[in-house]
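Letters go in sequence order (proteins before strands), and every chain restarts at 1.
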2 protein chains.
Amino acid sequence: MEKLTIQQIADLAGVNKATVSRVLNGSSSISEKTRQKVEKIMKQYNYVPNSIARGLAFKKTFTVGFCFDYTDKRAYANPFFYKVLQGIEEIVYQNDHLFLMMSDHRLKKSKSTFERVVVDHRVDGLIIPNTLLNEQNYNLLLKHKMPYVVSGENMLPKEGVPWVDIDNVQAGRILTEHLIDLGCRHILIYADKSAAERDKFITDRLKGYSEAISKAGLEVNVIHSPEDLKAVNQEGDERSEGLPEPDALICCTHEQLFEVLDWELGHSVLSQLALATFDNFPISRYMKYPIHFVEIDLEMMGKQAAQMLFALMNKEESVVRSISIQTRIGSK
Amino acid sequence: MEKLTIQQIADLAGVNKATVSRVLNGSSSISEKTRQKVEKIMKQYNYVPNSIARGLAFKKTFTVGFCFDYTDKRAYANPFFYKVLQGIEEIVYQNDHLFLMMSDHRLKKSKSTFERVVVDHRVDGLIIPNTLLNEQNYNLLLKHKMPYVVSGENMLPKEGVPWVDIDNVQAGRILTEHLIDLGCRHILIYADKSAAERDKFITDRLKGYSEAISKAGLEVNVIHSPEDLKAVNQEGDERSEGLPEPDALICCTHEQLFEVLDWELGHSVLSQLALATFDNFPISRYMKYPIHFVEIDLEMMGKQAAQMLFALMNKEESVVRSISIQTRIGSK
DNA sequence: TTGAAAGCGCTAACAC
DNA sequence: GTGTTAGCGCTTTCAA
């Protein structure tokens with residue numbers, strides 16, 4: 001079955017193709033009678049306008065892109081990005097667009113997929129992770145007037161970059177408060193130094209932790225390596241001097257949690273600690289130790305990002321350009 | 001910066017746009033001199049041909065689609081699909097195409113994303129999971145002459161459906177043999193009955209298990225619920241009658257593994273069993289019990305699927321239409 | 001309200 | 001080898 005063209009539909013309906021086009025685009029200047037006639041034919045022949053041709057005329061693609069950072073291990077360690085994608089897709093489909101996913105691969109001709117998509121205008125708008133918004137990509141987007149939204153708080157020192165992120169300060173705070181509520185009084189937090197410098201979300205989680213700890217009159221205690229756990233736990237001297245025994249450990253990321261669990265294999269201090277981290281993952285309950293979580297509504301994050309993008313694409317006025325999503329303590 | 005058109009490049013180079021087009025498409029009938037001249041201008045002005053217009057003329061989109069089955073829980077339980085995607089993308093990019101991902105959502109106008117993409121020819125070819133190849137979608141693909149490849153063995157009773165899958169019989173066999181090598185002599189396999197009827201890969205894994213067990217002169221022992229573990233383990237009578245105590249349990253899927261682990265929370269028989277399943281996942285080593293795995297090269301599966309698709313799209317002759325990928329025992 | 005025709009950026013058949 | 005021209009399927013002036 002070959003696809004029908006607008007011309008064929010026009011012939012079948014005995015009108016000009018411009019008229020069919022008008023019906024297609026809901027133009028007002030058309031008589032109810034011809035509209036009915038044309039619509040009947042379209043339905044009868046299952047006519048679907050060719051979106052490529054349409055795109056050429058409109059200079060639009062009806063496609064939204066999402067660039068995936070393949071160098072970002074977190075993208076694979078947990079369903080993070082996929083939940084975000086789910087949210088994005090929902091909005092994209094609602095807006096009658098399609099969804100072009102790309103990972104930031106380098107193609108032949110030393111051009112990245114990202115660059116190609118932007119330069120070639122293969123999408124009408126783009127969502128990219130903050131890890132990918134470097135100076136170069138930023139300039140590319142600007143140069144090609146490509147609307148975009150960053151998932152994750154913008155870290156580039158530029159004004160007006162639209163972004164959507166989790167409120168990591170709040171997340172750090174409520175997770176800590178939760179542990180305090182559970183009775184913990186000596187709460188450690190594990191934050192890798194170099195990671196904290198690189199990733200703002202770690203700094204933010206630390207900040208939330210500190211706020212909650214200080215407010216409760218407790219002691220801030222940051223460790224920078226699983227090894228530090230050993231020290232804390234074995235130096236009996238300290239404890240006998242009245243220092244409370246650590247009773248909880250917050251890991252700023254899953255990798256750090258896994259690092260601790262790896263380290264644990266050779267030691268065994270974790271059974272005495274409440275473990276906590278951010279962003280639940282499906283099989284957490286099958287792990288050796290129970291783990292406390294902050295639930296993060298990643299689908300919402302995706303939805304917000306996509307909505308912001310469509311607002312920008314539609315050149316709506318006064319678009320909110322930064323959104324922080326609140327988290328909550330998981331139910332189990 | 002507005003994009004240059006082929007006409008503008010032609011004017012700048014003082015040639016006809018057809019000539020530029022020839023340079024673009026590597027036509028042979030062109031003098032080295034003009035080619036150089038045109039290429040210089042193109043480079044100088046960073047010219048990138050508009051792929052939409054190109055697509056319209058070529059009747060091609062230079063895009064390959066992947067349809068994601070949102071109802072398939074397995075897609076989220078582990079990085080299965082994402083690894084496959086990684087393989088697909090690599091081949092897609094190598095072939096200078098882009099990658100349109102869609103989940104099988106229903107859009108407005110009661111049309112699925114899948115349907116829309118196929119009917120509207122938004123891609124030149126499509127990879128879909130076998131769970132999505134039903135009668136209706138099959139007919140749609142045929143009707144619109146859309147090249148496609150199925151990931152997972154085709155289960156639709158149709159001839160010539162191209163597919164790529166893991167060799168699950170082989171996987172079942174080597175996993176079982178591995179356990180036998182380790183000294184296990186009473187190996188159970190957990191295969192949910194209804195799942196086995198629905199999913200061929202489960203039947204296949206069972207088959208491989210049976211082959212290995214029989215070959216070793218051992219006893220096939222299929223359980224259909226975690227509860228059966230209890231029975232096996234507690235009926236001391238049986239054992240005293242000379243039946244060997246079960247020493248290994250193969251779970252056909254991760255869900256079943258998790259089911260068993262869930263059930264375990266209330267009991268405690270697993271420490272006596274070697275646990276095994278298919279398809280490793282990143283955080284398996286942090287789980288309560290060590291787990292034996294068959295490693296599955298999912299990236300390879302994606303690559304093979306994409307390569308098969310391009311072969312079909314290019315109308316190559318004698319395309320291999322079904323590929324089974326061998327697995328191996330994981331190194332840890 | 002409708003039709004005719006130009007144009008979106010590119011390819012390809014046909015001339016020269 | 002290169003230019004001319006007619007499409008690809010649709011939108012959008014401009015007339016009628």
Side-chain angles (χ1 to χ4, degrees), chain A residues 1-39 41-42 45-63 96 116 119-124 144-145, chain B residues 1-39 41-42 45-63 96 116 119-124 144-145:
Chain A
M1 179 205 104
E2 286 308 312
K3 286 197 63 174
L4 290 178
T5 69
I6 198 173
Q7 184 62 65
Q8 296 173 293
I9 294 295
D11 293 347
L12 286 163
V15 298
N16 187 280
K17 64 178 182 171
T19 305
V20 179
S21 174
R22 288 184 188 110
V23 172
L24 232 39
N25 295 292
S27 166
S28 53
S29 58
I30 208 169
S31 79
E32 194 53 30
K33 203 171 123 203
T34 26
R35 142 165 291 120
Q36 305 253 329
K37 186 170 59 180
V38 171
E39 274 174 349
I41 297 286
M42 296 203 301
Y45 290 90
N46 266 316
Y47 170 66
V48 177
N50 179 323
S51 60
I52 303 291
R54 225 153 171 247
L56 184 58
F58 269 137
K59 297 201 176 202
K60 279 201 58 174
T61 61
F62 307 102
T63 306
D96 261 320
R116 144 106 62 132
V119 171
D120 201 9
H121 280 86
R122 291 287 292 254
V123 297
D124 299 334
H144 291 275
K145 303 196 175 71
Chain B
M1 180 202 105
E2 286 309 312
K3 284 195 64 173
L4 291 178
T5 70
I6 197 173
Q7 183 64 65
Q8 296 172 292
I9 293 295
D11 293 347
L12 286 164
V15 298
N16 188 280
K17 64 178 182 172
T19 305
V20 179
S21 175
R22 286 182 190 112
V23 173
L24 232 38
N25 295 290
S27 167
S28 53
S29 60
I30 208 170
S31 79
E32 194 52 32
K33 202 172 123 203
T34 22
R35 145 165 290 120
Q36 305 254 328
K37 186 170 59 182
V38 172
E39 275 176 346
I41 297 286
M42 296 202 302
Y45 290 90
N46 267 316
Y47 170 66
V48 177
N50 179 323
S51 60
I52 304 291
R54 238 162 158 237
L56 183 58
F58 268 136
K59 298 199 173 201
K60 280 201 58 176
T61 61
F62 307 102
T63 306
D96 262 320
R116 144 104 64 129
V119 171
D120 200 9
H121 280 85
R122 290 288 291 254
V123 296
D124 300 332
H144 291 275
K145 303 194 175 73

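- The backbone N or O of A:Q8 lies less than 3.5 Å from a partner atom in the side chain of A:T5, making a donor-acceptor pair.
- What separates CG of A:N25 from P of D:dT12 is a distance of 6 Å, to the nearest Å.
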I'd like a list of close polar pairs between nucleotides 13-16 of chain D and the protein, N/O only, cut-off under 3.5 Å.
residue: D:dT13; atom: O4; partner: A:R22; partner atom: NH2; Å: 3.4

request  = Kindly determine whether A:R122 and A:T63 satisfy side chain to side chain contact (heavy atoms under 4.5 Å, CB included), including the steps that lead there.
outcome  = CA-CA 8 Å; A:R122 291 287 292 254; A:T63 306; over 6 Å; no
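- Of the candidates D:dG9, D:dA6, D:dG3, the closest approach to any side-chain atom of B:K59 belongs to D:dG9.
- Among the protein residues, A:V15 comes within range of the sugar-phosphate backbone only, with heavy atoms under 4.0 Å from sugar or phosphate atoms but none that close to a base.
- Residue A:H144 comes nearest to A:H121 through the heavy atom pair O-NE2, 3.3 Å, listed as atom of the first residue, atom of the second, then distance.
- For the pair B:T34 and B:V15, the tightest heavy-atom approach, listed with the atom from each and the gap, is CG2-CG1, 4.2 Å.
- In summary, the side chains of A:T19 and A:R35 do not present any donor paired with an acceptor at a separation below 3.5 Å, with no hydrogens or angles considered.
- For the pair B:K37 NZ and D:dG1 P, the computed distance is 15 Å after rounding to whole Å.
- B:L56 places its CG atom 7 Å from the P atom of D:dG9, with the value rounded to the nearest Å.
- Atom CG of B:N50 and atom C1' of D:dC8 are 13 Å apart (whole Å).
- The residues A:D96 and B:R116 are annotated as salt-bridged, a charged nitrogen and a carboxylate oxygen being separated by less than 4.0 angstrom.
- Between the axis at the start and the axis at the end of the helix from C:dT1-D:dA16 to C:dC16-D:dG1 there is an angle of 40°, using five pairs per end and rounding to 10 degrees.
- A distance-only check finds no donor-acceptor pair linking the side chain of B:N25 to the backbone of B:S27 [under 3.5 Å].
- A donor-acceptor contact shorter than 3.5 Å is absent between the side chain of A:N50 and the backbone of B:D120.
- A donor-acceptor contact shorter than 3.5 Å is absent between the side chain of A:D124 and the backbone of A:K60.
- Of all heavy-atom pairs spanning B:G55 and A:I52, the tightest one is C-CG2, 4.2 Å.
- Here B:L4 contributes atom CG and B:Y47 contributes atom OH; the two are 8.5 Å apart, rounded to the nearest 0.5 Å.
- Across D:dC10, D:dA6, D:dG3, the shortest atom-to-atom separation from the side chain of B:K17 is found for D:dA6.
- Regarding B:I52, its CD1 atom lies at a distance of 19 Å from the P atom of D:dC8, rounded to whole Å.
- For A:S21, no side-chain nitrogen or oxygen approaches OP1 or OP2 of D:dT12 to under 4.0 Å.
- Put simply, NZ on A:K17 and CZ on A:R22 are 12.0 Å apart, with the number rounded to the nearest 0.5 Å.
- Contact footprint of chain B on DNA chain C: nucleotides with an atom under 4.0 Å from a non-hydrogen protein atom, first to last in 5' to 3' order, C:dG9 to C:dA13.
- One can place CG of A:D11 at 12 Å from P of D:dC10, the figure rounded to the nearest angstrom.
- Under 4.0 angstrom from either OP1 or OP2 of D:dT2 there lies no side-chain N or O belonging to B:S29.
- A:F62 has its CZ atom 10 Å from the C1' atom of D:dC10, to the nearest Å.
- Note on A:T34: only backbone sugar-phosphate atoms sit closer than 4.0 angstrom, heavy atoms only; bases stay farther off.
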